[in-house]
Amino acid sequence: MIVEYVNDPNKSERENRRLRRQFERRQRKLNRRSEEANKNWNALVTSENVHTIHLNEKDENGNIIYSTVPKHSYTKECGGGTDIYIKLTDKTVEGQYLGANIVGIGHEEGHAYRFDQGLVEEQLKPNMSDPDDSNKQLIKAGQIRVTEEIEASHIENIIRAEIDPSGTKIPLRKQYKDIPTYRRGFYRRNHSNKCNYRFNKARI
């Protein structure tokens, strides 16, 4: 199993164990309710790449981090491991109280899955002596970030549709901050509440 957990030095051993048990319960619940999430998690735990779970870690401003960051060894040919920062304090999705926001976990693990499989375009290091190259790489980094948030939101929408096929409690995500996702087609529901994937518009 190549998924490891960080023991946060700012927390007691007891608190670290409690958070890990809490995460594992949510992960099992997520895996039971979503085939997509289960597939992604199984890929991570059987991967040759190392994926590190951080639970409720805070940044220098005291805010809990919710993000997925590739390790330095990432290449498009071989994929790579990630650091997955999970915020366990979230209780809602789209304003609906769920007790535990497993959808957010699925989103971050969607990022990790894409890095693991080498699906993310590599970000080249800018040539600092060449301002034009530096600017190009900065622009490219922004484009890659937008692409990856759209793709992770697409994975998230598959998970949402599997958890709540009717969409009454957990509707499909239409926007990531200022990035519209509905144009991508994602999953859409037909009149019988079945989930259909629009292959001509989006792909994993």
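Because the structure is a prediction, the values reported are computed rather than measured.
Remark: Glu35 engages no residue in a side-chain hydrogen bond (donor to acceptor under 3.5 Å, both in side chains) (not counting sequence neighbours). Looking at residues two or more places apart in sequence or on another chain, you find a side-chain contact (heavy atoms from CB on, under 4.5 Å) between Thr147 and Glu151. Residues that satisfy the ring-ring contact (aromatic ring centres under 6.0 Å, His included) test with Tyr85, not counting sequence neighbours, are His54. Residues that satisfy the side-chain hydrogen bond (donor to acceptor under 3.5 Å, both in side chains) test with Thr75, not counting sequence neighbours, are absent from this structure. When the salt bridge (Lys or Arg N to Asp or Glu O under 4.0 Å) test is applied to Glu15, the partners found at least two apart in sequence or on another chain are Arg18. Evaluation of the salt bridge (Lys or Arg N to Asp or Glu O under 4.0 Å) rule for Lys29 yields no partner, not counting sequence neighbours. In this view, Asp116 and Ser47, Asn49, His51 satisfy the side-chain hydrogen bond (donor to acceptor under 3.5 Å, both in side chains) rule, not counting sequence neighbours.
Linking Ile, Leu, Val, Met, Phe, Trp and Tyr whenever their side-chain heavy atoms come within less than 4.5 Å puts Val45 and Ile159 in one cluster. Ile84 and Leu88 end up in the same hydrophobic cluster when Ile, Leu, Val, Met, Phe, Trp and Tyr side chains are linked at under 4.5 Å. Ile53 and Ile65 sit in two unconnected hydrophobic clusters of ILVMFWY residues. Membership requires side-chain heavy atoms under 4.5 Å apart, directly or through other members. Hydrophobic clustering places Leu30 together with Phe23 (ILVMFWY residues linked when any side-chain heavy atoms are closer than 4.5 Å, directly or through intermediates). In the hydrophobic clustering of ILVMFWY residues, with side-chain heavy atoms under 4.5 Å counting as a link, Ile86 and Ile64 come out apart.
The shortest heavy-atom contact between Ser34 and Ala37 is OG-N, 3.1 Å. Nearest heavy-atom pair, Leu119 versus Glu148, reported as atom, atom and distance to 0.1 Å: O-OE2, 4.4 Å. Looking at every heavy atom in both residues, Ala43 comes nearest to Gln117 through CB-NE2, 4.2 Å.
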Identify all side-chain donor-acceptor contacts of residues 100-112 below 3.5 Å with residues at least two apart in sequence or on another chain.
residue : atom : partner : partner atom : Å
Asn101  : OD1  : Val103  : N            : 3.2
Asn101  : OD1  : Gly104  : N            : 3.0
His107  : ND1  : Glu156  : OE1          : 2.8
His107  : NE2  : His111  : NE2          : 3.3
His107  : NE2  : Glu149  : OE1          : 3.2
Glu108  : OE1  : Thr68   : N            : 3.2
Glu108  : OE1  : Thr68   : OG1          : 2.7
Glu109  : OE1  : Gln27   : NE2          : 3.2
His111  : NE2  : Glu149  : OE1          : 3.2
His111  : NE2  : Glu149  : OE2          : 3.4

- Query: Checking side chain to side chain contact (heavy atoms under 4.5 Å, CB included) for the pair Asn16/Tyr5: CA distance, chi angles, key distance, verdict?
  - Reply: CA-CA 9 Å; Asn16 279 312; Tyr5 295 83; over 6 Å; no
- Message: Quick one, Leu55 with Asp8, criterion side chain to side chain contact (heavy atoms under 4.5 Å, CB included). Give me CA distance, side-chain angles, the key distance, then yes/no.
- Response: CA-CA 8 Å; Leu55 301 173; Asp8 188 346; over 6 Å; no
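To the nearest 0.5 Å, the span separating CZ on Arg32 from CG on Asn38 amounts to 11.0 Å. Between the CZ atom in Arg145 and the CD1 atom in Ile150 there is a gap of 10.0 Å [rounded to 0.5 Å]. Rounded to the nearest 0.5 Å, atoms CZ (Arg114) and CD (Glu121) are 10.5 Å apart. Atom CZ in Arg33 sits 6.0 Å away from atom CD1 in Ile170 (nearest 0.5 Å).
When atom types are taken as modelled, the side chain of Asn157 and the backbone of Arg173 share a donor-acceptor pair closer than 3.5 angstrom. Distance alone, capped at 3.5 Å, places no donor-acceptor pair between the Tyr113 side chain and the Ile155 backbone. In this structure a side-chain-to-backbone donor-acceptor pair under 3.5 Å is present from Asp164 to Thr168. Looking only at distances, a side-chain donor or acceptor of Lys11 sits under 3.5 Å from a matching main-chain atom of Asn56.
A salt bridge does not link Glu24 with Arg21: none of the charged nitrogens is closer than 4.0 Å to a carboxylate oxygen.
Within the structure, the salt bridge (charged side-chain N to carboxylate O under 4.0 Å, His left out) test picks out no pair touching residues 95-107 (sequence neighbours left out). Under the salt bridge (charged side-chain N to carboxylate O under 4.0 Å, His left out) criterion, the residue pairs touching residues 65-82 are Lys71-Asp83, with sequence neighbours excluded. Screening residues 41-59 for salt bridge (charged side-chain N to carboxylate O under 4.0 Å, His left out), with sequence neighbours left out, gives no hits.
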